[in-house]
Student: 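Got a structure here, written out as structure tokens. Questions coming.
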Amino acid sequence: MSSRPSSRHGFAGTTALVGIGATEFSKSSGRSELRLATEAVAAALDDAGLQPEDVDGLVTFSADTNPEIELARSLGMGELTFFSRIHYGGGAACATVQQAAMAVHSGVADVVVCYRAFNERSGARFGAGVQGRPPLPTAESSQFSWYAPQGLLTPASWVAMFAQRYLHVTGATTEDFGRVAVADREHAATNPAAWFYGQPITLEEHQSSRWIVEPLRLLDCCQETDGGQALVVTGLDRARHLRQPAVVIRAAAQGSGDQQDMMTSYYRDDLTGLPEMEVVARQLWATSGLGPEDVQAGILYDHFTPFVLYQLEELGFCGRGEAKEFVRDGHLHLGGRLPTNTHGGQLGEAYLHGMNGIAEGVRLVRGTSVNQVPGTDHVVVTAGTGVPTSGLVLGAER
Amino acid sequence: MSAGTRPSPAADPALAERLGVFEGRPAGPDLEAADEVNQAMIRHWVEATGDENPVYVDTGAARRAGFAGIVAPATMLQAWTMRGYRRTKEIEQWRARGRSRAGDVTDVTDITDAAGAPDDSPLDELFGLLDEAGFTSVVATDCQQEYLRPLVLGDRLRARSTIEAVSPEKRTALGAGHFVTTLTEFSDATGATVATMRFRILRFRPGPVGAREEQRPLRPRPAITPDTAFFFEGARHGQLLIQRCASCGRLRHPPAPSCRWCRSLEWDTVASSGRATLYSFVVVHHPQVPAFDYPLVIGLVELEEGTRLVADLVGVAPDKVTIGMPVLVDMVSYDDELTLPVLRPVPDEDAR
Amino acid sequence: MSVTRATRLHDDVSVGEQLPELAVPLTRTLIVAGAIASRDYQDVHHDPELARERGSEDVFMNILTTNGWVGRFVTDWTGPGGVVEQVSIRLGAPNYPGDTMVLSGSVTEVGDPAARRDGRGDVTLSVRGSNSRGDHVTGTVRVALPRRGAELRPLPGGR
């Protein structure tokens, strides 16, 4: 597959993120998922200076339980001309923005809200895995037949299979996984919105945390969260007249790799890469005309620490197998080469299926992050790893 | 027994396959009854079962009942060709020596090759394999006998047995084990068949008896589609099947309706040799689901045929697992519906 | 039980007929006697310590002896002229010392006498032997019973 020229991504550079909004991040919201979605969307519209009736498009995850029409009814959005859902769990996050931008650019909608809301901690926990999933004879559930009866039931266990191989091939250690967690938690410690606000961890604490699925420890695994996050997308021309400075969508891309599975792409020649993220990265750089050297901060999907190392390599921030040196040199921290997950990531702030990371990308470009990286022109944001995924390059309008 | 007559251990494939090759083979040499059908043994039998039927002890009564003379109780059939005490003791000593090689028994210096070796028979060889794999206990489970004529005093029997079936590993209330089914034909001095028997035993690994195993929740069920059914069906028959493109011959796993290389929709399957190399693995500690034992080691292997497979890795401590280690695929039945391949480390002597 | 009792005739048997129950108190000696009479010297049938080592609770009755009891149970009902022609059993709960096995059975099929030419007719029985743990043995037995007034062809003898 060849890289597509940027001209083919007409939405890139002509659309913008203009509002972000979230509920509090908790372990038990005490409210319905639809209410969380409603609150988050209302907050994002308020941030943008828009009204619900301005919205004519909605995008969410196929995993979300809140139908577009219920949300529209709840907030009095009136008519909608565009609604869409993206599949593959957290891999959908950045793709919601891509869909919104495509809808706006093509003219089918003017203001599109992307949202994700759930009681993931107090309700149905993803971390519990697929054990209760009834075996419907569909292609999708049949895929779990190669893992669930064997006891490979949880996202942590699916990622651990990659991670063990990565350690073996690259010579990285579980301490290198720990360095990702330490950086995330350091950033969360100064973010009042983060669940782990004021609770940094040391590498020693990481190493002494209990095994979940070897080689992953408790502190390699993201938390589970109740909450909602929404993002507002519109055209750049309209964005210039709204409340916040426009955050331009420089690139947005989806990617599925060769021999792609849902979390268990174990049949490729090599398990030390994420080819789907390489598909995304190639498009992001080609579309934006930028490269890793042009990006000052990263929001890299961190449901489990090992895949942050993979992403550093796929996105070109370091060479193959060199992420261990990159993290050992402290480049994920403020002052490093690529301050990463400055909100605390999903390990430190909240697990909102990557949507809270996009909001942090917006804050970084606006210059309003609690852990602001000075001189941020461009931020790269990624979505769920181990699944068909997506990514964004966000930039200031300068 | 000379070791040279056995297949080289290094050439042994996975246990299931090693056991499977015994199917259809003779169990061993014919067993000749040590004694003809006689009144003394019949008397011991009818006393032990409290049987007062006169046809077993009284010629006149037997004739009046339509028999040619005193008959043996029909269900006494097997007793005539049983090995008896001396042979049983010899074989147990041989088994003990076999286990000593595996380190379970040490003081067996009084047993030599010359004394007490069993017949170099396929059935003994099969039992030896099961012993080595830890299936040291035995219980008979089924017996079907058909008697073509009553046995009378003076009959001398000969029994010829064939190994009909060796099951994949089954989880039973007694513990995990393999069922071994033999077919036996009993003939008289003229060579005429007088009775036939199908006999099934369970060779099992003694485990915790009772409620826990029986009430344990079942493992998650696979979702079976027409594209994948062959795999689980094959597993139930003790085979690890790999989907093969019928057009270009390439193998693929997980199964798919079409060949990714030549796009053919036609496919068949091949049975894996079961030899594999560990490509990656995990040790699951949390969360713990009642259907599984923890820590649970799950491997991703590269089969000798080239495809990969995820399966539980058993028989090795988690801290002894290393990427690149050779493993053998075995089949384990967890319940009536679910049989899955599992991985076992290759025994040291086989690891060459 | 009388040794002079008559043989039950095929004509008198009907499907559903129950066999009289037979209770067998399972002593250790009875279990060992059965094992020895069947020349079965597997330790689990006579050595309690080794039986426990092998995952059993105690010594238990061997399958040959169970077969013997099933055969006796059926021929007690048929009388001396009943010819046992087929026995098919499956074992379940072990027969341990101290328990009691109760054998019960019923007629499941009465064969067409015209199918045989030796003056006998087939009867198929369902047999069950239960102890305090459940079914020790379940199975079927086929016997041939003489027909009323038919000329019995002598059963073949040995050599």
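Reminder, nothing fancy here: chain letters follow the sequence lines and each chain counts from 1.
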Student: Answer yes or no: is there an ion pair linking C:E17 with C:R8, defined by an N-O contact shorter than 4.0 Å?
Tutor: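 Looking at C:R8 together with C:E17, the answer is yes, because their closest N to O distance falls below 4.0 Å.
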Student: At a 4.5 Å cut-off on heavy atoms, which part of B:A74 comes close to chain C: side chain, backbone, both, or neither?
Tutor: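 When you check distances to chain C, only side chain atoms of B:A74 fall under 4.5 Å.
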Student: Consider only side-chain N and O atoms of C:T66 and C:H136, and report whether a donor and an acceptor are under 3.5 Å apart.
Tutor: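 Their side chains do contain a donor-acceptor pair, which is all the 3.5 Å distance test asks for.
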Student: Decide, yes or no, whether a salt bridge links B:E146 with B:R198 under the criterion of side-chain N to carboxylate O below 4.0 Å.
Tutor: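 No.
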Student: Would you mind telling me which of B:A195, B:G66, B:A62, B:P73 has the largest number of heavy-atom pairs within less than 4.5 Å of chain C?
Tutor: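 That would be B:G66.
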Student: Pick from B:T141, B:I42, B:V55, B:V71: which one has the most heavy-atom pairs with chain C under 4.5 Å?
Tutor: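 Of the candidates given, the most pairs with chain C belong to B:T141.
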Student: Is C:D118 close to chain B through its backbone or its side chain, or both, or neither, when contacts mean heavy atoms under 4.5 Å?
Tutor: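 Nothing of C:D118, per the 4.5 Å heavy-atom cut-off to chain B.
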Student: Run the salt-bridge test on C:D12 and C:R148 with the 4.0 Å N-O cut-off and return the result as yes or no.
Tutor: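 Answer for the salt bridge query: yes.
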Student: As an exercise: rank B:K89, B:Q145, B:M76 by heavy-atom pairs under 4.5 Å with chain C and give me the winner.
Tutor: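 Result: the option with the highest number of such pairs is B:Q145.
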Student: Are B:R203 and B:F135 in a cation-pi setup, meaning NZ or CZ lies under 6.0 angstrom from the ring centre and within 45 degrees of the ring axis?
Tutor: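 Because its charged atom misses either the 6.0 Å distance or the 45° angle limit, B:R203 does not stack over B:F135.
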Student: Using a 4.5 angstrom heavy-atom cutoff, name the option from C:V44, C:V32, C:L91, C:N62 with the most pairs to chain B.
Tutor: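 When all of C:V44, C:V32, C:L91, C:N62 are compared, C:L91 has the most.
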Student: If you tally heavy-atom pairs under 4.5 Å against chain B, which of C:T65, C:L152, C:D40, C:V24 wins?
Tutor: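 Of C:T65, C:L152, C:D40, C:V24, C:D40 has the most heavy-atom pairs under 4.5 Å with chain B.
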Student: How about C:R116: does its CZ atom have over 12 heavy atoms from other parts shown lying under 6.0 Å from it?
Tutor: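 Yes, enclosed.
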Student: For C:F60, is it the side chain, the backbone, both or neither that has a heavy atom under 4.5 Å from a heavy atom of chain B?
Tutor: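 Side chain only.
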Student: Let's go through B:H178 and B:L130 carefully: what are the C-alpha distance in whole Å and the side-chain angles of both, what is the deciding distance for side chain to side chain contact (heavy atoms under 4.5 Å, CB included) to 0.1 Å, and is it a yes or a no?
Tutor: CA-CA 8 Å; B:H178 293 266; B:L130 289 166; 3.6 Å; yes
Student: Salt bridge check, C:R128 against C:D135: does any charged N sit closer than 4.0 Å to a carboxylate O?
Tutor: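 Yes, charged N to carboxylate O under 4.0 Å.
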Student: With a 4.5 angstrom heavy-atom cut-off, is it the side chain or the backbone of B:T88 that approaches chain C, or both, or neither?
Tutor: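 Contact with chain C: side chain only.
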Student: Side chain, backbone, both or neither: which part of B:R200 has a non-hydrogen atom closer than 4.5 Å to chain C?
Tutor: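 Contact with chain C involves the side chain of B:R200 alone.
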Student: Quick one: of C:T29, C:V84, C:L64, who has the most non-hydrogen atom pairs under 4.5 Å with chain B?
Tutor: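 Counting heavy-atom pairs under 4.5 Å, the top option is C:L64.
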Student: Tell me, side chain or backbone of B:A61 under 4.5 Å from chain C's heavy atoms, or both, or neither?
Tutor: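 Contact with chain C is absent: no heavy atom of B:A61 under 4.5 Å.
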Student: Can you name the closest pair of heavy atoms from C:N131 and C:A93 and give their distance?
Tutor: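 In this case the closest contact between C:N131 and C:A93 is ND2-O, 3.7 Å.
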Student: Using a cut-off of under 4.5 Å on heavy-atom pairs, state which of C:S88, C:A35, C:G81 scores highest against chain B.
Tutor: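 The residue among C:S88, C:A35, C:G81 with the greatest pair count is C:S88.
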